[in-house]
Amino acid sequence: MSEAMLEFRDVSFTYPGDNKPTIDKLSFSLNKGEFVCLIGPSGCGKSTIFRLVNKLLKPDSGHIYVNGRDINEQKSYCGYMPQSDLLFPWRSVATNVRLPLEIRGGMSDAEMNDKINEALENVGLGGLGNKSPSELSGGMRQRAAFARTLMTGCELLLLDEPFSALDYLTRLNMREWLSEQWEHENKTILFITHDVEEAVFLSGRVLAADNYPISSLTAVPIPAEYPRTRATLEEAHMVEIREQLIEKLRKEHS
Ligand code: ADP
Ligand code: MG
């Protein structure tokens with residue numbers, strides 16, 4: 001097999017009761033270690049692609065492979081962070097982050113606590129483990145949810161519009177933060193957004209859903225070194241890529 005971390009091969013899916021598919025014979029792949037943003041207008045089928053990867057939905061036809069193996073033969077092959085943070089309000093921040101470790105099993109309380117403290121420290125929430133999610137800001141909750149996603153131990157992470165509910169300035173900080181996390185964690189990230197600027201900032205490659213039903217994704221490489229800053233986005237070739245993407249998506253959506 002190739003170095004693909006995730007591969008869709010001719011995947012089709014129609015929601016029950018719909019008369020046309022949302023996903024139509026879609027093939028694409030992600031390489032190991034890539035940071036890829038999947039962009040497209042609201043309602044075009046982005047989250048459906050994630051639901052197919054995490055087996056909340058089953059394709060009508062086609063195959064999905066993670067690390068070269070059919071997902072139907074695997075358990076625990078991806079970490080998923082849904083669109084809203086979905087921290088359980090009755091659990092503390094630490095016990096929320098602990099959940100994937102409890103599910104995985106085989107770790108003592110002391111080992112779990114060490115891992116959680118380290119994870120909270122890494123996402124800038126050291127010492128806040130005993131707080132309840134409602135005591136944290138939106139950005140902090142998203143970092144806690146990301147720490148929980150990392151605790152799955154999976155190399156493939158699916159992040160569904162994690163910053164869309166945050167205010168603009170928090171979003172700017174969070175995307176820089178996430179980019180740094182990715183640089184020092186050995187992960188492959190597929191990140192959904194409808195924000196073209198966010199996609200260009202984060203991605204090594206953008207996959208644009210520019211036809212509906214989604215039968216292909218247009219791959220656009222983003223040629224800029226990491227770490228990136230806001231100034232990176234102002235470079236002429238980056239502005240050009242962003243404007244091309246916006247035009248492409250607008251045309252298909254109108
Ligand atoms: P996106 O994440 O790109 O905003 P979704 O993947 O959530 O879009 O949804 C794609 C399309 O499928 C939308 O038009 C939506 O109305 C439809 N859809 C989503 N969930 C269901 C469902 N459970 N039953 C029927 N249609 C659905
Ligand atoms: Mg969605």
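In what follows, residues are counted from 1 in the order of the sequence shown. In each ligand, atom 1 is the first atom listed, and ligand 1 is the first ligand listed.
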In ligand 1, the atoms that come under 4.0 Å of a heavy atom of Ser47 are 1 (P), 2 (O), 6 (O), 7 (O)
*asked:* Quick check: Phe201 with Tyr226 (ring centres under 6.0 Å apart)?
replied: no
Interatomic distance, CD@Gln74 vs CG@Asn67, rounded to 0.5 Å, equals 7.0 Å
Salt bridge [X]-[Y], side-chain N to carboxylate O under 4.0 Å:
{"X": "Asp70", "Y": "Arg9", "answer": "no"}
{"X": "Glu180", "Y": "Arg228", "answer": "no"}
{"X": "Arg230", "Y": "Glu235", "answer": "no"}

Heavy-atom proximity to atom 18 (N) of ligand 1 ranks first, among Phe50, Tyr212, Tyr15, for Tyr15
Among Gly43, Pro16, Pro21, Gly40, the residue with a heavy atom nearest to atom 4 (O) of ligand 1 is Gly43
Practice item. Could you walk me through whether Lys248 and Asp210 pass salt bridge (charged side-chain N to carboxylate O under 4.0 Å, His left out), step by step? Key: CA-CA 7 Å; Lys248 200 180 241 322; Asp210 54 6; 3.6 Å; yes
Backbone or side-chain N/O/S of Ser47 under 2.8 Å of the Mg ion (ligand 2):
yes
- Please confirm whether Arg171 makes a cation-pi placement over Tyr168, using NZ or CZ under 6.0 Å from the six-membered ring centre and within 45° of the ring normal. no
Look at [atom] and say which protein heavy atom is nearest, naming residue and atom and giving the distance to 0.1 Å.
{"atom": "atom 9 (O) of ligand 1", "result": "Thr48 OG1, 3.7 Å"}
{"atom": "atom 8 (O) of ligand 1", "result": "Gly45 N, 3.3 Å"}
{"atom": "atom 7 (O) of ligand 1", "result": "Arg51 NH2, 3.4 Å"}

- Query: Can you find an N/O atom of Ser42 closer than 3.5 Å to an N/O atom of ligand 1?
  - Reply: no
Does the protein place any heavy atom closer than 4.0 Å to atom 11 (C) of ligand 1?
yes
